Amino acid sequence: MRNILYVLVLAGLLVIPGTRSFAQGEKEPPKQTGAVETYKSGHGFSIEYPKGWKLVTYMEEYKTLKEAEKDAGNYFSIQSYQDDDPRIRGYHYFPADTLKIEAWVYPDYGGSLAELITQTKDITRIDDFSIGGKKAKKVWQKVGEGVDAGDEIYSIYFVDAGKRAIFTCYPVYTSLKSKFEEIVGSFRFDESHPDKK
């Protein structure tokens, strides 16, 4: 009887650590509390992202957001990896532990968040979100054409201060979804920013 008890205790000691490490691997990564950088745009908005991540934008080359929009320059991206990361194998392949946020900021939007959502096609799911205590929406939609046809994309839509912003999470299977939401949650429109026409 005593030998059986020893065998069971030994087996438990061998199995539990393996189970624990498997379970830990399945969890979302904890929120980073490290240093952040702030992108404060001359076009009246700001967003925080982790120090060491890469920000790409040409928006600041335009005098106004309206000019930038005409030229599709009302765009910026934030990515967790550098361009020379050997794990990135082209535009359509990202490892699950990477994150790229693509953001579009539009001026002079007179509609509501509900109207913006209504105009969006192929939505499969919508959920609530908050940016600075103001209502935003998480939106999942099917991709209808191209390489990713049939896949879903995950975005957050926000309308405030007569402007709108859309943030998209790549890849949709990233393990950093909570980081995507944390970064987007730091976005702010500067309501005192003068509207430049």
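Numbers here simply count residues along the sequence, with the first being 1. This is a predicted model, so every value here is computed, not measured.
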State plainly whether one hydrophobic cluster holds both Ile78 and Val36, where clusters connect Ile, Leu, Val, Met, Phe, Trp and Tyr through side-chain heavy atoms under 4.5 angstrom apart.
no
Please tell me whether Tyr109 and Tyr157 are part of a single hydrophobic cluster in this structure, the criterion being side-chain heavy atoms less than 4.5 Å apart.
yes
Closest non-hydrogen contact found for Ser80 with Asp97 is OG-O, 4.4 Å
Among side-chain atoms of Gln141 and Thr120, is any donor-acceptor pair under 3.5 angstrom?
no
Kindly compute the distance separating NZ (Lys134) from CG (Asp160), expressed to the nearest 0.5 Å.
3.5 Å
Which pair of non-hydrogen atoms, one from His43 and one from Lys163, has the smallest distance, and what is that distance?
O-NZ, 3.1 Å
Are Asp151 and Lys142 within salt-bridge range, i.e. N to O under 4.0 Å?
no
Set out, in order, the CA-CA distance, both residues' side-chain angles and the distance that settles side chain to side chain contact (heavy atoms under 4.5 Å, CB included) for Asp127 and Trp140, then state yes or no.
CA-CA 9 Å; Asp127 203 356; Trp140 289 263; 3.9 Å; yes
Side-chain contact, heavy-atom cut-off 4.5 Å: Tyr170 with Ile101?
no
Restricting to non-hydrogen atoms, name the atom on Lys54 and the atom on Val56 that form the minimum distance, rounded to 0.1 Å.
CE-CG2, 3.8 Å
Less than 4.0 Å between a side-chain N and a carboxylate O, is that true for Glu182 and Lys179?
yes
Ile183 and Ile47, any side-chain heavy atoms less than 4.5 Å apart:
yes
Apply side chain to side chain contact (heavy atoms under 4.5 Å, CB included) to the pair Leu99 and Thr174, showing each step before the final yes or no.
CA-CA 6 Å; Leu99 173 63; Thr174 184; 4.2 Å; yes
Donor + acceptor pair across side chains of Ser41, Glu60 (<3.5 Å)
yes
Counting C-beta onward and ignoring hydrogens, is there a side-chain heavy-atom pair between Tyr81 and Trp53 closer than 4.5 Å?
no
Can you check whether Tyr49 and Phe76 have ring centres sitting under 6.0 Å from each other?
no
Measure the shortest side-chain to side-chain distance between Glu37 and Glu48 over non-hydrogen atoms and say whether it is less than 4.5 angstrom.
no
Which pair of heavy atoms, one from Gly73 and one from Tyr62, lies closest together, and at what distance?
CA-CE1, 3.9 Å
Are Leu176 and Leu55 connected in a single hydrophobic cluster, I mean Ile/Leu/Val/Met/Phe/Trp/Tyr linked by side-chain heavy atoms less than 4.5 Å apart?
yes
Counting C-beta onward and ignoring hydrogens, is there a side-chain heavy-atom pair between Ile123 and Ile117 closer than 4.5 Å?
yes
Measure the shortest side-chain to side-chain distance between Thr98 and Pro171 over non-hydrogen atoms and say whether it is less than 4.5 angstrom.
yes
Under 4.5 Å between any side-chain heavy atoms of Ser77 and Thr57, yes or no?
no
If hydrophobic clusters are built from ILVMFWY residues whose side chains come within less than 4.5 Å, do Phe187 and Ile166 share one?
no
Within-4.5 Å side-chain heavy-atom neighbours: Phe158 and Phe189:
yes
Taking all atoms of both residues into account, what is the closest heavy-atom pair of Lys177 and Cys169, and its distance?
CG-SG, 4.5 Å
Work out which heavy atom in Trp104 is nearest to a heavy atom in Ala72; give both atom names and the distance.
CZ3-O, 3.8 Å
Any side-chain donor paired with an acceptor under 3.5 Å for Glu181 and Tyr154?
yes
If we ignore angles and hydrogens, is there a donor and acceptor under 3.5 Å between the side chains of Asn74 and Tyr106?
no
Between Tyr75 and Glu69, do the side chains contain an N or O donor and an N or O acceptor separated by less than 3.5 Å?
no
Under 4.5 Å between side-chain heavy atoms, counting indirect links through other Ile/Leu/Val/Met/Phe/Trp/Tyr residues: same cluster for Ile131 and Ile126 or not?
no
Sidechain N-carboxylate O distance under 4.0 Å for Lys135, Asp128
no
Residues Asp108, Lys66: salt bridge by 4.0 Å N-O rule
yes
